[in-house]
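Protein chains get the first letters and strands the later ones, always in sequence-line order, with residue 1 at the start of each. Just so you know, these numbers come straight off a predicted model, no measurement behind them.
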Protein chains: 2
Amino acid sequence: VTEGFLPLREWVCGHIASFAGFRPTSEQVLITTGSQQALDLMARAFVDPGDTVLAENPAYFGAIQAFRAAETKLVGVASDAQGMLPGALEEAIQSACTPVKLLYLVPNFQNPTGATMTMERRREIAHVAARFDLPIFEDDPYGRLRFSGEEIPAICSLPEAGTATYLGTSSKILAPGLRVAWLVVRDPSLFEKIVPLKQASDLHTSAFTQQIVHGFVSDTTRFGSHLSALIAAYRERRDAMLAALGDHMPEGCTWTRPDGGMFLWVTLPESIDATHLLQHARAHKIAFVPGEPFWLDAPKRNTLRLNFSHTPAAKTGVGIARLAALIRGCS
Amino acid sequence: VTEGFLPLREWVCGHIASFAGFRPTSEQVLITTGSQQALDLMARAFVDPGDTVLAENPAYFGAIQAFRAAETKLVGVASDAQGMLPGALEEAIQSACTPVKLLYLVPNFQNPTGATMTMERRREIAHVAARFDLPIFEDDPYGRLRFSGEEIPAICSLPEAGTATYLGTSSKILAPGLRVAWLVVRDPSLFEKIVPLKQASDLHTSAFTQQIVHGFVSDTTRFGSHLSALIAAYRERRDAMLAALGDHMPEGCTWTRPDGGMFLWVTLPESIDATHLLQHARAHKIAFVPGEPFWLDAPKRNTLRLNFSHTPAAKTGVGIARLAALIRGCS
């Protein structure tokens, strides 16, 4: 079935209802071959070549790739620590050179910055989008990985967000190699365009991997304790990285303090280019992702993304100390 | 890795060398999420909206979907029992209204007709394509399922077919639900366009299912005996269906006699519409696919596709007798 394995789609409905503030029906759920396919399908369904798509700046690189493959004009909207700025969104919509077809958002523990939109900001953004009839595409790969602070309902749960689309995945809570994600639409008529595209793209997502995911997540006890273990491990690693950054980083560096997810975002002194820094980093056996490719426009080359989920807490201090020494050497 | 699991790509090289008349290197192999994704990637990489793609008429419905999703103008080229007619191909190229970007062919046990192109015809078609610099896309899902007649080398093995692309899959020899196929290019520079599109589409094909396929096929003895068992079972079922058609079908019906694959193609008396016939078939607990959606133009509504691989030989006679009775009732 192109739409996906029905028991998994039914599980998705209850899963979303347990945290996101709305309960879809299985007719509103399409299983995709990972989140990347959903990004690709959304780009192809919503956008014609040359149309504008708005997103946070910086934004998730996989989304940038999918929208660029659809020959979209991607425009970045300024954000602060509470998420996208409603005034900047309104200005971006009004000053766009081509029709604005989609607003792409990662409200929880954004990749690359780790920022989370407050409830107030979600409402304001949904309100601006609704005024301009702009559909929202809410991508939530990290939402289940919250280590601190309170759960915030999805933008899709808001009455203003009537045509919003929500994307969840098994990649960050189970295994990325299985390539199983779920696209949830508020308005099922959207599937009249998306399901034929999904069929033309790969017929259906592997029935085998869908059943593996379903087999795992539908055992509520096992899935719950797996998630708790994941959260505990990542929280410890985040805390270790934040402590090490405080201990080692030189004057002039700042970084975000995410309440969940996998990444934090470092801003270096303006004179330092993180892409150049990476070339030296390899010799010291440390790795990070330079910020440059995440920017939709006006790239700040003195930014970089750190992944805290991968490195055991005991090793983080050594790595951050080496990074700090490297930055000092470049200053 | 977007290109796929290296041991599987290396196995694909030896596998192809064992029957197709050429040996690719692993740099020429991209693992895709089923053949359908390869069709989608090829359509997006080779064709701009409005461009012409040529194919057999009738053609595989999944390919029709992928090319239509890319807003391609699909034009059918006339064929006989030996495959596409070189003169008709030349005429189609010369009379196309928009640039002709790709020639899509299923030379072995074609879906839906079951026809196989002779070696002579492969050479002639490759020669015409080469004269017009038209890249060939050779789709070979059923090639390993030969029950009778001699193996014929792939079009991709011919010196004339320098820019041809070959598509193989695990779906018909192992399990369609795993979604693992392989796209093989003669010219690796094609991957400069296709690999970024693959990355934008789904990052990579499930590492888990790729390793399952590799684990199965790389055990040469087990894979060999699995394939032999499959061929023996399908041969028996094809023979049973051909015998039953001969026993039961009324005057005025003709059908193909495939040397392999899964399908044969029936032409009914001109007055009978197979789509209407199907509505009555359900009440008699028989099923077939009406021919109409396979035609690129000039649909012959008195055609239908029968799958012989699914039904155990002992049950085929009853089904064909019911189909024959239904046809008699409509005549």
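- Contact annotation for B:I212: only side-chain heavy atoms (C-beta onward) come within less than 4.5 Å of a heavy atom of chain A.
- Heavy-atom pairs under 4.5 Å with chain B peak, among A:T209, A:T205, A:L39, A:L178, at A:L178.
- You'll find the ring centres of A:F46 and A:F137 outside the 6.0 Å limit.
- Contacts with chain A (heavy atom to heavy atom, under 4.5 Å) involve no residue of residues 101-111 of chain B.
- Of the listed residues B:Q37, B:H204, B:R68, the one with more heavy-atom pairs under 4.5 angstrom with chain A than any other is B:H204.
- Looking at A:S35, neither its backbone nor its side chain comes within 4.5 Å of chain B, counting heavy atoms on both sides.
- Under the 4.5 Å side-chain criterion, counting only non-hydrogen atoms from C-beta, B:S170 is not in contact with B:R179.
- Side-chain contact between A:L134 and A:L54 is present, with heavy atoms from C-beta onward closer than 4.5 Å.
- Neither the backbone nor the side chain of A:Q210 has a heavy atom closer than 4.5 Å to any heavy atom of chain B.
- Every residue meeting the side-chain hydrogen bond (donor to acceptor under 3.5 Å, both in side chains) condition with A:D187, not counting sequence neighbours, appears here in chain and number order: A:S189.
- With chain B as the partner, the residue from A:V180, A:D202, A:L41 showing the most heavy-atom pairs under 4.5 Å is A:D202.
- Among residues two or more places apart in sequence or in another chain, the side-chain hydrogen bond (donor to acceptor under 3.5 Å, both in side chains) test is passed with A:K172 by none.
- Side-chain contact check for B:H15 versus B:R144: some heavy-atom pair is nearer than 4.5 Å.
- For the pair A:F263/A:P112, no side-chain contact is recorded, criterion being any heavy-atom separation below 4.5 Å from C-beta on.
- The shortest side-chain heavy-atom distance between A:W11 and A:F5 does not fall under the 4.5 Å cut-off.
- The side-chain hydrogen bond (donor to acceptor under 3.5 Å, both in side chains) search around B:S201 returns B:R44, not counting sequence neighbours.
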